[in-house]
Amino acid sequence: MLPPCPPPLARRVATALLRRAPAAVIALVALAGGCAEPEPVLRGVQAQPLLEAPAPAASAPEETTVYERPPGVLVDIQHLTSRPLAQVRVALRAQLGALVRAEALPAGRGEELVLERGRVRALDGRIYMLAFDTPEPMRRAQVMAALGLPPQVGESVPTHREYRLNHERGFRLIRMMRQSRHNELVTAVEVWKWRPGEHTNRR
């Protein structure tokens with residue numbers, strides 16, 4: 001770094017001395033002529049460059065929502081069929097019991113899981129069918145409440161063996177098996193979210 005330039009008076013003195021002592025003054029003039037303006041002093045410069053990205057703050061852990069089965073619901077079909085099977089295994093076990101065995105279904109239909117109190121079918125990691133026996137004979141309105149659904153609004157199709165609800169509450173088919181052809185009590189339920197091969201777009 002070059003030293004600061006001398007004031008004008010020093011330059012005039014150096015010029016006068018040049019005539020008397022050439023060797024010594026030439027060095028002084030060379031030093032004066034090769035000087036540079038003093039570098040400006042910047043105040044308030046941050047130690048960390050402005051363009052440097054600050055260190056990321058520690059991200060807060062995501063909140064995990066603990067599932068609770070609604071009161072009075074026997075099998076929460078909306079919860080079990082709206083999420084991947086891997087996410088509802090605990091709830092499925094609590095509602096239909098432990099896994100007894102798993103069976104592969106024909107091509108395009110996934111697998112069937114036989115549980116202690118029912119069975120489910122899954123394809124691509126999602127449940128599309130649930131079936132189970134009711135703990136006691138129940139009326140249709142009671143069955144809907146046990147499934148976590150409001151009372152039916154659609155028209156059911158009665159047969160001598162069952163009641164059928166088609167395209168009800170986001171489900172392709174709800175079958176309620178009758179205790180006998182002589183009463184309306186239901187003893188078993190089969191719920192289909194969709195039927196493999198019937199729909200190309202599904203969630």
Kindly check if the number of other-residue, nucleotide or ligand heavy atoms within 6.0 Å of CD (E103) is above 12? yes
Residues R172, E198: salt bridge by 4.0 Å N-O rule: yes
Could you state whether F132 and L99 fall into the same hydrophobic cluster, counting links through intermediate Ile, Leu, Val, Met, Phe, Trp or Tyr residues with side-chain heavy atoms under 4.5 angstrom apart? yes
Rounded to the nearest 0.5 Å, what separates atom CD1 in I77 from atom OG in S82? 10.5 Å
Does R178 pair with E162 as a salt bridge, N-O distance under 4.0 Å? no
More than 12 non-hydrogen atoms from neighbouring residues, nucleotides or ligands closer than 6.0 Å to CZ on R139, yes or no? no
L185 with M176, same ILVMFWY side-chain cluster at under 4.5 Å: no
Quick check: closest heavy atoms across L115 and V100, and the distance to 0.1 Å? C-CG2, 3.8 Å
Any side-chain heavy-atom pair from V186 and P137 closer than 4.5 angstrom? no
Can you find a heavy atom in the side chain of Q78 that is under 4.5 Å from one in the side chain of L149? yes
Taking the side chain as C-beta and beyond, is there a heavy-atom pair between L165 and F171 under 4.5 Å? no
Identify the two heavy atoms, one from R69 and one from A94, that lie closest to each other, and give their separation to 0.1 Å. NH2-O, 3.6 Å
In Å, rounded to the nearest 0.5 Å, how long is the span from CD of Q179 to CE of M138? 12.5 Å
Atom CZ of residue position R93 - does it have more than 12 heavy atoms of other residues, nucleotides or ligands inside 6.0 Å? no
Assess R140 against Y163: is NZ or CZ under 6.0 Å from the centre of the six-membered ring, and within 45 degrees of the ring's axis? yes
From R126 atom CZ to K193 atom NZ, the distance as rounded to the nearest 0.5 Å: 10.0 Å
To the nearest 0.5 Å, tell me how far R175 CZ sits from S156 OG. 14.0 Å
Using a 4.5 Å cut-off on heavy atoms from C-beta on, say whether the side chain of V75 contacts that of V189. no
Tell me the closest heavy-atom pair linking E111 and A102, and the distance in Å. OE1-CB, 4.3 Å
In terms of heavy-atom contacts, P150 and R169 come closest through CG-CZ, 3.2 Å
Hey, what do you get for CG (L130) to CD (Q95), rounding to the nearest 0.5 Å? 9.0 Å
How about V191 and L147: do any of their side-chain heavy atoms sit closer than 4.5 Å? yes
Y128 and W192 aromatic ring geometry - parallel, tilted or perpendicular at 30°/60° bounds: tilted
What distance separates R83 CZ from Y67 OH, expressed to the nearest 0.5 Å? 8.5 Å
Which atom names give the shortest non-hydrogen contact between G108 and P196, and what distance separates them? O-CB, 3.5 Å
Does I127 reach the side chain of L92, with side-chain heavy atoms less than 4.5 Å apart? yes
Residues which pass side-chain hydrogen bond (donor to acceptor under 3.5 Å, both in side chains) with Q142, listed by chain and number, not counting sequence neighbours: none
May I ask you to decide whether E190 forms a salt bridge with R119, counting only side-chain N to carboxylate O separations under 4.0 Å? yes
Steps toward side-chain contact (heavy atoms from CB on, under 4.5 Å) verdict (L96, E116): CA-CA 6 Å; L96 290 178; E116 292 175 325; over 6 Å; no
Determine whether L123 and L105 fall in the same hydrophobic cluster, where Ile, Leu, Val, Met, Phe, Trp and Tyr are linked whenever their side-chain heavy atoms lie under 4.5 Å apart. yes
Hydrophobic clustering (ILVMFWY, side-chain heavy atoms < 4.5 Å, transitive) - are V73 and L80 grouped together? no
Hydrophobic clustering (ILVMFWY, side-chain heavy atoms < 4.5 Å, transitive) - are M129 and V114 grouped together? no
Polar side-chain atom of E112 near backbone of R121 as donor-acceptor pair, under 3.5 Å: no
